[in-house]
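Nothing fancy with the numbering, it's 1 onward along the sequence.
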Amino acid sequence: MDVVKRWHDYIESNDPAKLDALIATDAVFLSPAVHRPQAGKALVMHYLRAAMVVLNNDSFRYVDEWHGEGSAVLEFALSIDGIEIEGVDMIRWNEAGLITEFKVMLRPLKALNTVIPLMAAVLQGEAA
């Protein structure tokens with residue numbers, strides 16, 4: 001099963017073991033709200049689990065995909081509290097089929113301003 005199919009399987013199942021099996025030890029997460037890259041498997045998983053809580057509601061859907069050699073861009077859309085959110089997940093992986101870089105971009109600014117405090121609350125809650 002390729003990386004993108006495994007990612008979709010994780011999104012559908014929300015099984016932490018499936019996420020763990022996808023992320024490389026030296027992975028990096030690039031957030032639309034945090035300037036500094038979040039490096040290391042534990043931090044990447046922390047951010048991706050939080051995003052799953054905040055973004056993966058009943059309205060979340062992937063609307064398009066572009067695939068390259070060792071990379072993919074997945075476009076998504078959702079709504080939170082009446083705010084329409086569009087974004088992309090840009091994913092890179094290594095020869096072993098493990099994600100090495102995960103970058104998220106969101107638009108419009110109102111969407112980002114909606115998501116930031118929700119993500120912060122979940123991230124702080126997980127850290128406690």
Side-chain angles (χ1 to χ4, degrees):
M1 185 183 278
D2 75 23
V3 174
V4 175
K5 286 181 183 174
R6 290 170 46 219
W7 174 255
H8 284 300
D9 188 42
Y10 163 65
I11 294 297
E12 289 175 21
S13 70
N14 195 16
D15 180 349
K18 290 181 180 182
L19 179 61
D20 184 64
L22 266 171
I23 307 298
T25 304
D26 60 348
V28 175
F29 180 81
L30 299 150
S31 166
V34 179
H35 177 69
R36 188 185 58 185
Q38 304 301 302
K41 183 173 184 170
L43 273 177
V44 171
M45 289 185 58
H46 186 59
Y47 274 82
L48 290 174
R49 284 192 313 261
M52 185 69 138
V53 171
V54 172
L55 302 176
N56 197 19
N57 63 29
D58 290 340
S59 70
F60 180 90
R61 65 207 176 279
Y62 280 110
V63 296
D64 212 343
E65 295 183 6
W66 299 269
H67 298 254
E69 185 70 29
S71 66
V73 176
L74 286 62
E75 180 183 7
F76 61 86
L78 71 140
S79 178
I80 296 177
D81 296 332
I83 306 297
E84 296 301 317
I85 299 170
E86 296 175 328
V88 293
D89 293 332
M90 294 184 281
I91 305 170
R92 294 185 185 280
W93 56 86
N94 61 22
E95 307 79 35
L98 298 175
I99 294 173
T100 57
E101 182 180 290
F102 201 106
K103 183 186 299 184
V104 179
M105 296 183 148
L106 294 177
R107 69 164 304 277
L109 180 59
K110 189 173 187 178
L112 185 59
N113 290 335
T114 298
V115 169
I116 288 173
L118 297 172
M119 283 288 294
V122 172
L123 288 166
Q124 290 170 358
E126 270 194 31

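Distance check, rounded to the nearest 0.5 Å: CG of L123 to CG of L118 gives 11.0 Å. One distance of note links CG of L19 with CE of M52; it measures 8.5 Å at 0.5 Å rounding. For the atom pair CG (D15) and CG (D9), the distance works out to 8.0 Å, reported to the nearest 0.5 Å. Note that the CD1 atom of I23 and the CG atom of L98 stand 8.0 Å from one another [nearest 0.5 Å]. Here CE of M90 is found 11.0 Å from CH2 of W66. Values are rounded to the nearest 0.5 Å.
Between L43 and A39, the shortest heavy-atom contact is CD1-O, 3.6 Å. Annotation for I91 and L74: closest pair CD1-CD1, 4.1 Å, computed over non-hydrogen atoms. Minimum interatomic distance between I11 and N56 (heavy atoms only, all atoms of both residues): O-ND2, 3.3 Å. Shown here for A21 and R6, the closest heavy-atom pair between the two residues is O-NH2, 2.9 Å. Of all non-hydrogen atoms in E84 and S79, the two that sit nearest each other are OE2-OG, 3.4 Å. Pairing each heavy atom of I83 with each of A111, the nearest pair is CG2-CA, 3.9 Å.
Both M45 and V53 are part of a single hydrophobic cluster, where members link through side-chain heavy atoms under 4.5 Å apart. Cluster annotation: L112 and Y47 are assigned to the same hydrophobic cluster (Ile/Leu/Val/Met/Phe/Trp/Tyr, side-chain heavy-atom contacts under 4.5 Å, transitive). A single hydrophobic cluster is not seen to contain both V88 and V34; linkage of ILVMFWY side chains at heavy-atom distances under 4.5 Å, directly or through other members, places them apart. Linking ILVMFWY side-chain heavy atoms closer than 4.5 Å, directly or via other members, places V122 and I85 in a single hydrophobic cluster. A single hydrophobic cluster is seen to contain both I116 and L78, as judged by linkage of ILVMFWY side chains at heavy-atom distances under 4.5 Å, directly or through other members.
By the 4.5 Å heavy-atom criterion applied to side chains, L48 and W7 are counted as neighbours. Annotation: side chain of K103 is in contact with side chain of E101 (closest heavy-atom distance under 4.5 Å). Side-chain contact between F76 and L106 is present, with heavy atoms from C-beta onward closer than 4.5 Å. Between F29 and H46, every side-chain heavy-atom pair lies at or beyond the 4.5 Å cut-off.
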Give the intermediate values and the outcome of side chain to side chain contact (heavy atoms under 4.5 Å, CB included) for residues V4 and W93. CA-CA 10 Å; V4 175; W93 56 86; 4.0 Å; yes
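The ring pair (Phe, Tyr, Trp, His ring centres under 6.0 Å) search around H8 returns Y62, not counting sequence neighbours.
Remark: side-chain polar atoms of K41 are paired, donor with acceptor, to backbone N or O of D20 under 3.5 angstrom.
Atom CE of M105 has 12 or fewer heavy atoms from other residues, nucleotides or ligands within 6.0 Å.
The salt bridge (charged side-chain N to carboxylate O under 4.0 Å, His left out) pairs that include a residue from residues 56-78 number zero, where partners must be two or more places apart or lie in different chains.
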